[in-house]
Visitor: 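Input: one structure, supplied below.
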Amino acid sequence: MGLLTIIRKNRQKEKEMRILFLGLDNAGKTTILKKLNGEDIMGISPTLGFNIKTFVHRKYTLNIWDVGGQRTLRPYWRNYFEQTDALVWVVDSGDRMRTQDCKEELHSLLLEDRLAGASLLVFANKQDIQGSMNSTEIRDALDLLSIKSHHWKILPCSAVTGENLVEGLDWAVDDVAGRLYYSTAVEDVSSRISPRPIAAQQ
């Protein structure tokens, strides 16, 4: 029995997933996580290191790592890549000045060996703010259509209202389950028999 087979069997038994939340500073990563976990989202300060949240979602235990996005912290992102099943890239939809920076950081991450194969969910956050870019504008600004190495999806969302947060998490869990937990994935998506595209967009 190969090592990969053993690892898959162990993970299938545990039904755990490791999800990494990244993005530029002030994108709303921590607020999204707190909203998903039913916590108070008022008075959140910038993440200067990392936060870890663990909760159960649709029969899976999700270990979510939320890492600060300040420029001085980005070189340390690589310390959190190990065994990542899904990458959630959070974008401040109102921050038009830093779309190029956002694009470069994301595409740099996708070249990392330890993130190879990880599902990519892009949250176009802050849709509740007037003048924010829509998901199509962000898709084009980040050149998501060029990504062939990862399954990806972009969703407009709001950490304040909760719009599409659960839907995004559902997609990430389904996509990871399709790779790691074959029999469970069939069970979970049996009511949604549809092909899973490599590039899903608005």
Side-chain angles (χ1 to χ4, degrees), residues 2-5 7-8 11-12 16-24 27 29 32 50 57 60 62-69 71 73-93 95 98-125 133-157 164-165 167-182 184-186 188-189 192 194-202:
L3 178 61
L4 188 57
T5 306
I7 290 171
R8 278 183 177 154
R11 297 194 71 170
Q12 187 164 358
E16 289 191 4
M17 296 181 184
R18 178 183 168 99
I19 300 176
L20 183 59
F21 268 61
L22 293 177
L24 305 188
K29 301 179 291 296
I32 287 174
F50 65 90
H57 181 72
Y60 296 98
L62 307 184
N63 298 308
I64 302 181
W65 294 70
D66 161 31
V67 186
R71 187 175 292 278
L73 295 177
R74 294 176 206 169
Y76 300 101
W77 283 353
R78 62 183 62 252
N79 296 333
Y80 304 92
F81 293 166
E82 207 67 44
Q83 296 184 331
T84 294
D85 297 312
L87 170 64
V88 178
W89 185 252
V90 182
V91 180
D92 179 348
S93 301
D95 190 354
R98 294 198 295 171
T99 53
Q100 183 63 27
D101 191 14
C102 190
K103 171 188 170 182
E104 290 173 1
E105 293 287 2
L106 173 60
H107 284 265
S108 176
L109 286 173
L110 299 181
L111 296 174
E112 293 283 345
D113 288 342
R114 284 176 296 167
L115 294 179
S119 306
L120 171 62
L121 171 65
V122 178
F123 266 144
N125 191 27
M133 294 176 283
N134 61 37
S135 55
T136 301
E137 289 177 281
I138 292 173
R139 179 200 69 191
D140 294 343
L142 300 186
D143 196 18
L144 296 182
L145 292 175
S146 72
I147 297 173
K148 309 299 181 187
S149 55
H150 296 68
H151 290 161
W152 63 268
K153 185 177 182 69
I154 182 169
L155 277 176
C157 77
N164 277 337
L165 299 186
E167 290 81 354
L169 200 59
D170 282 346
W171 178 85
V173 166
D174 280 348
D175 201 70
V176 172
R179 293 195 318 276
L180 298 183
Y181 308 105
Y182 307 111
T184 309
V186 171
D188 287 350
V189 301
R192 307 176 224 167
S194 60
R196 184 182 59 192
I198 277 207
Q201 64 271 349
Q202 260 335 85

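Every value quoted in this text rests on a predicted model; they were computed, and no experiment measured them. The analysis underlying the following values was restricted to heavy atoms, covering all of them including side chains, and did not include hydrogens, waters or symmetry mates.
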Visitor: List the residues meeting side chain to side chain donor-acceptor pair (under 3.5 Å) with N134, not counting sequence neighbours, and say none if there are none.
Guide: none
Visitor: With rounding to the nearest 0.5 angstrom, report the CG to CG distance, L24 to D95.
Guide: 7.0 Å
Visitor: Does R18 reach the main-chain N or O of E82 with its side chain, forming a donor-acceptor pair under 3.5 Å?
Guide: yes
Visitor: Between R78 and R114, is there a donor-acceptor pair closer than 3.5 Å when you use the side chain of the first and the backbone of the second?
Guide: no
Visitor: Can you confirm whether D175 sits close enough to K153 that some side-chain heavy atom of one is under 4.5 Å from a side-chain heavy atom of the other?
Guide: no
Visitor: Which atom pair, heavy atoms only, marks the closest approach of T84 to A118?
Guide: O-CB, 3.9 Å
Visitor: Report yes or no: does W77 contribute a side-chain atom to a donor-acceptor pair with the main-chain N or O of G68 at less than 3.5 Å?
Guide: yes
Visitor: When you measure from the side chain of K29 to the backbone of V90, do you find a donor-acceptor pair of N or O atoms at a distance under 3.5 Å?
Guide: no
Visitor: For the backbone of L142 and the side chain of H107, can you confirm whether one donor and one acceptor N or O come within less than 3.5 Å of each other?
Guide: yes
Visitor: How many angstroms lie between atom CH2 of W89 and atom CG of L144, to the nearest 0.5 angstrom?
Guide: 11.5 Å
Visitor: Which distance, rounded to the nearest 0.5 Å, do you find between the CD1 of I19 and the OG of S119?
Guide: 9.0 Å
Visitor: Testing the basics here: between P156 and N164, what is the closest heavy-atom pair and its distance to 0.1 Å?
Guide: O-ND2, 2.8 Å
Visitor: Mind listing the closest non-hydrogen atom pair of Y60 and A177 along with its distance?
Guide: OH-CB, 3.5 Å
Visitor: If you compare all heavy atoms of F123 against all heavy atoms of V88, which two are closest, and at what distance to 0.1 Å?
Guide: CD1-CG1, 3.6 Å
Visitor: If the condition is ring-ring contact (aromatic ring centres under 6.0 Å, His included), which residues does W65 pass it with, not counting sequence neighbours?
Guide: F50, Y80
Visitor: For residues S149 and L110, report the shortest heavy-atom separation together with the two atoms involved.
Guide: OG-O, 4.5 Å
Visitor: If you measure from CZ on F81 to CG on L109, what distance do you get to the nearest 0.5 Å?
Guide: 5.0 Å
Visitor: Using atom types as modelled and distance alone, determine if a side-chain donor or acceptor of S93 lies under 3.5 Å from a backbone N or O of N125.
Guide: yes
Visitor: State the CD-CE distance between Q83 and M17, to the nearest 0.5 angstrom.
Guide: 14.0 Å
Visitor: Could D101 and R71 be called an ion pair, given the rule that one side-chain N must be under 4.0 Å from one carboxylate O?
Guide: yes
Visitor: Check whether any side-chain heavy atom of L87 sits under 4.5 Å from a side-chain heavy atom of L22, and report yes or no.
Guide: yes
Visitor: Side-chain contact test, heavy atoms from C-beta onward, threshold under 4.5 Å: evaluate it for L62 versus L169 and give yes or no.
Guide: yes
Visitor: Got a donor-acceptor contact below 3.5 angstrom from the R179 side chain to the D85 backbone?
Guide: yes
Visitor: Give a yes or no on this: more than 12 heavy atoms of other residues, nucleotides or ligands lie within 6.0 Å of atom CG of N79.
Guide: yes
Visitor: In Å and rounded to the nearest 0.5 Å, what is the CG to NE2 distance from L115 to H150?
Guide: 6.0 Å
Visitor: Using atom types as modelled and distance alone, determine if a side-chain donor or acceptor of R74 lies under 3.5 Å from a backbone N or O of G69.
Guide: yes
